[in-house]
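The block underneath contains the structure these notes are about, expressed in structure tokens.
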Amino acid sequence: MSGVQLTPEELKKLQGEIISKSYKAGYVVLSYFVSCLGAFTTLEIMKRRTASNGWYNCFLVLAASVSMGGVATWCMHFIGDRAVILGDGQPEIQIVISSGLTAVSFFVPVIIQLTALWVAGSNEGSIPRAVLGGVLAGLAACSMHYLGQYSILNYDCIFDVGYVIGATAVAIGASVAALLAFFMLRAAWHTSWWKRALCAVVLASGLSGMHWLNSTGTTYRFKRWDAELSDKFSGSTIVTVVIVLSIVCCVTLIFLTLIQQARMLKAAKRAEQVVLAAAIFDARGRLCVTHEGFLPRQKIANSWFERSMDDVFGVAHPVFLWIFRASRNWSAISHLIPGMRGHLLRTGIKARLGSLDDTTLFEESGTPIKDYSIVFRELFCLAAAELAADLHQPIEKLGVMYDEVVVTGLGVKPLEKGNKSVATMASSMMDLERDGKDGSSLGKGQLLFLVSRVERIEAENLEAAGFRFAQPSRVNKIIADSLRIGPRSLARRLDIMRTYYTDHHILEPGVHLGCFAIRASLAVGRRGFDILVRKDAKNQLPTIQAPFDTLEPSHIDYLDEMDSKTVSVICKQLYKDSKPGNKNAKQRQLAKNLLKTLETLKEEIEDPLFNDSMLIAQPFEIPCRGKDKDSPPGVASLIAFRIILPLHSRAPGRKLTFTPLNLFKTQQRVYDKSPDHTFFAKSIYRDFVPSMDIARSDTPNGFDPENTTIRPVSARGSTATRHSRHGVAMGEHIDMYGNPLPEPSAQPYRGPSKIRFWDRPRSISKSRGENSSEQFLTNTDTEDKKYLDLPSQQTKTVDEPDKPTSQPLSSAGTSHSPAALSTSLAPPTVSPTPVPTPATEMQAMDLTEEKTQPASKPPVDSDGETPVYVDALFALTVAKRKV
């Protein structure tokens, strides 16, 4: 309502008089809504802040302070002033403000709120810091209010002290309560949009309450009027600024909401893809996640294309075994990444924007291309490189592969809704092994974990890059929901991963007693056997260290007397020999030590079926901890008890589990400083460099580009040339044999060096035509099979009980010098062998029981790697099995 226009004489009479006031309800409601909008935008932005350092976090806190101080406080104040009607609404006596002080009053609360939000914290919930931040936020609102009142030109404001104290208390109290609740909920990962909205309402109520309490206790005394005052700063200008800032807040909220929704949809889609995730822990055991609580991850492929029902991607698959070893040899892969990227771009498999064209991975007949395993491994390496780039870390620090493939997209399994019963080997015949029942991944996603640990400086760098560290129990439900898996199974895996990277799980030097228990695998897609291992260290058999350090010849002679006897019989024999009636003091002490160690091993296994396992008297050399951290693995002695378990046997107790025998053998080759790393690094060059360098002018004449099984470049990928930023081929740094190229000079390049990284293959085209990399990968699947049909000469050798040897069987990395690894590196020619089923494998093991002794030294593997003690154990277990 506008009153009658006043004359100059009437205005002069009003000077020094108290003018009555009233309020427009519409502006009151609008000012509160604007305050809520600014407060909610502030909390939404602060939710994404992860640390106090880094440009990303600095930008977020600056944006939040503008939203809090500029919208929630400043805009609310001046919209509220528009609600004040003085007198009867005559335009000559309405509030006129100074443009200069109004601008200053905008920046003052922004600066104070910047300090308040900086103090309140980012990742960790700190009550003192949240309280201090709330106090500063309340004082910022009060200071802005009084500075805005001071900008009024035509009135003197008279404040009531009681209202001032009350309004200040309301502003500080509401700010402390809102920020404390927000940061505590955020630290506990219990926040959600409605909880943040409730905190914003509390915060806006405090700010608006402070303003209206002060406005109610303020008396306006008319100071003066002249025609120039009305031209200083119009109220419509204030309204325009408020509208613009409010629109910016709305757009920001919509943008953040769309990003959140897109990430949720992306997470749901990736739950049905083959994905690589990083499980990064700090020194306090906290897990690195995004601000939403998700794990950092990258897509490898849309799915694994299976050539048959047995070609299911899992921990026993040759490609996973290669990935498992590759994650321990990042230094051999990192400089091949540009060449892999260029290869995938040239063949059209991957587009410039990172999208994957699945059609290029199939032949015209609809089957996957012959080089599909090479392409999949390249996709894995690129996903690892992109994940390292997201984390702002070199790929060498990305971590090691966790020894499990997690099937995602399933939701909560019914098994997790109840308590599991503890089964034994003997009592589990009534149920299928759960890995076999749930091992299929058809139509589901698969998740691979790279596990690592970072120190304080690296953790701060990750926080500066926009990641947060949280206790796994706090974010377990969020991660499980995004992956659509059971939270209990995820919590169990994260608990194991917490120490997976730091605990290398290698035996101590000395003598160990262990159980070698195998069974035919029932899991879908698995071929061969499973082996019983420790659940907390799947690269170790169930073992107990004996109280003596070395095995003397007399000890081995004593063990020979009990060869192939069961544990129950041996325990009786050891008990008898440990009695004082035994006049041989050394034998009596040895029997006591062996009996005590064997009883401890029985308690560790927790299953009566272990009593039926039989002794292998000949000790084995196994890897153990070296002299120091820079030394290669040492050698310990293992006295093993062998047993072949029924098909449906489950792991006994809570400390043991089954793992594929191929994975177990691979784990024996990845110890720190193992000489097998050298061979694997060379095999990487042999497999990948030819596909990257097929277009080089110095390619040998024996190489035929037409013989490659990669399909021609598609139209979409035809524009990707070697001159693109992604097309840096491997040949620009090394030749296809792994030799470094000379530095650019005026001299013409004369070809690769004569000193080669490994022996040059006779025919590259022949190697590629025979699909050498596929043969190398699948060679691990046939290793178990070759022991089922022992050669006659080997059987004749081990069938001589009259010639026992006291030399333990050697293990990987102990019987061959590193120099020997540089020879015989060409992949073997493996004849096609039908894949045996578990039934045929068990039938093939029905060999005649004979008294056997192993050869003193097992032969070197045909692929050039050093032998693994598990191979000899497996051969003896099969050979000595009763018909």
Side-chain angles (χ1 to χ4, degrees), residues 507-516 541 543-567 569-601 613-627 633-642 794-816 850-859 866-873 875-877 879-880:
L507 297 179
E508 296 296 331
V511 180
H512 300 262
L513 266 66
C515 175
F516 182 77
L541 299 174
T543 58
I544 297 295
Q545 187 169 4
F548 46 89
D549 296 333
T550 58
L551 284 174
E552 301 176 0
S554 60
H555 297 169
I556 298 178
D557 293 339
Y558 182 67
L559 293 173
D560 286 339
E561 299 175 2
M562 298 179 288
D563 187 38
S564 297
K565 293 182 179 180
T566 63
V567 170
V569 174
I570 291 175
C571 286
K572 295 178 181 179
Q573 181 68 33
L574 293 176
Y575 180 76
K576 178 181 178 181
D577 294 341
S578 63
K579 290 298 183 181
N582 187 357
K583 302 304 181 181
N584 190 334
K586 290 186 177 180
Q587 189 182 87
R588 184 171 63 249
Q589 184 62 36
L590 176 63
K592 287 182 180 180
N593 292 334
L594 288 177
L595 180 60
K596 181 179 179 181
T597 307
L598 187 55
E599 292 291 342
T600 306
L601 182 60
S613 60
M614 298 181 180
L615 173 68
I616 300 177
Q618 186 62 39
F620 296 85
E621 290 184 353
I622 59 176
C624 69
R625 197 176 304 278
K627 296 180 180 179
V635 178
S637 297
L638 174 67
I639 303 172
F641 294 87
R642 57 181 174 84
Q794 184 177 352
T795 305
K796 183 177 180 181
T797 303
V798 299
D799 285 346
E800 298 178 1
D802 298 334
K803 297 180 181 180
T805 175
S806 61
Q807 180 67 28
L809 297 181
S810 64
S811 64
T814 61
S815 61
H816 299 274
E850 300 181 60
K851 183 69 175 178
T852 59
Q853 287 290 343
S856 60
K857 293 288 183 181
T866 52
V868 181
Y869 73 95
V870 182
D871 291 332
L873 263 173
L876 286 171
T877 301
K880 292 190 174 187

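Residues take their numbers from the sequence shown, with the count starting at 1. Side-chain atoms are counted along with the backbone in the values below, which use heavy atoms only and exclude waters and symmetry mates.
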Practice task
Tell me, please, which residues at least two apart from Ser613 pass side-chain hydrogen bond (donor to acceptor under 3.5 Å, both in side chains).
Solution key: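 Result, side-chain hydrogen bond (donor to acceptor under 3.5 Å, both in side chains) vs Ser613: none returned.
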Handout entry: Sequence-distant partners of Lys579, side-chain hydrogen bond (donor to acceptor under 3.5 Å, both in side chains), two or more places apart
Key =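 With neighbours one apart ignored, the set is Tyr575.
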Side-chain contact test, heavy atoms from C-beta onward, threshold under 4.5 Å: evaluate it for [X] versus [Y] and give yes or no.
| X | Y | value |
| --- | --- | --- |
| Tyr558 | Leu574 | yes |
| Leu876 | Phe516 | no |
| Leu638 | Leu873 | yes |

So, taking the atom named [atom1] in [X] and the one named [atom2] in [Y], what distance separates them when rounded to the nearest 0.5 Å?
| X | Y | atom1 | atom2 | result |
| --- | --- | --- | --- | --- |
| Thr543 | Ile639 | OG1 | CD1 | 12.0 Å |
| Leu541 | Phe620 | CG | CZ | 10.5 Å |
| Leu601 | Cys515 | CG | SG | 6.5 Å |
| Glu621 | Ser637 | CD | OG | 6.5 Å |

Handout entry: side chain to side chain contact (heavy atoms under 4.5 Å, CB included) between Leu513 and Leu594, worked out
Key = CA-CA 9 Å; Leu513 266 66; Leu594 288 177; 4.1 Å; yes
Ignoring hydrogens and angles, write down the donor-acceptor pairs under 3.5 Å from the side chains of residues 585-592, residues two or more places apart or on other chains.
{"residue": "Gln587", "atom": "OE1", "partner": "Asn582", "partner atom": "ND2", "Å": "3.1"}
{"residue": "Arg588", "atom": "NH1", "partner": "Asn582", "partner atom": "O", "Å": "2.3"}
{"residue": "Gln589", "atom": "NE2", "partner": "Asn593", "partner atom": "OD1", "Å": "3.3"}

Handout entry: Heavy-atom closest pair, residues Pro633 and Pro623
Key =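 That closest heavy-atom pairing would be CB-CB, 4.3 Å.
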Exercise for the section: Locate the shortest heavy-atom distance separating Ala617 from Asp560; write the atom from each residue and the value. Expected result: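 Nearest heavy atoms, Ala617 then Asp560: CB-OD1, 3.3 Å.
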Practice task
List for me each residue that meets side-chain contact (heavy atoms from CB on, under 4.5 Å) alongside Thr566, sequence neighbours excluded, and say none if there are none.
Solution key: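 For Thr566 the side-chain contact (heavy atoms from CB on, under 4.5 Å) partners, ignoring immediate neighbours, are Ser568, Val569, Met614.
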Problem - Residues which pass salt bridge (Lys or Arg N to Asp or Glu O under 4.0 Å) with Glu508, listed by chain and number, not counting sequence neighbours - result: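 Salt bridge (Lys or Arg N to Asp or Glu O under 4.0 Å) list for Glu508, sorted by chain: Arg625.
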Problem - Audit row: Lys565, Ile570, side chain to side chain contact (heavy atoms under 4.5 Å, CB included) steps and yes/no - result: CA-CA 6 Å; Lys565 293 182 179 180; Ile570 291 175; 3.9 Å; yes
Listed pairs under 3.5 Å, donor-acceptor, residues 544-556 side chains, sequence neighbours left out:
{"residue": "Gln545", "atom": "NE2", "partner": "Pro509", "partner atom": "O", "Å": "2.9"}
{"residue": "His555", "atom": "ND1", "partner": "Glu552", "partner atom": "N", "Å": "3.2"}

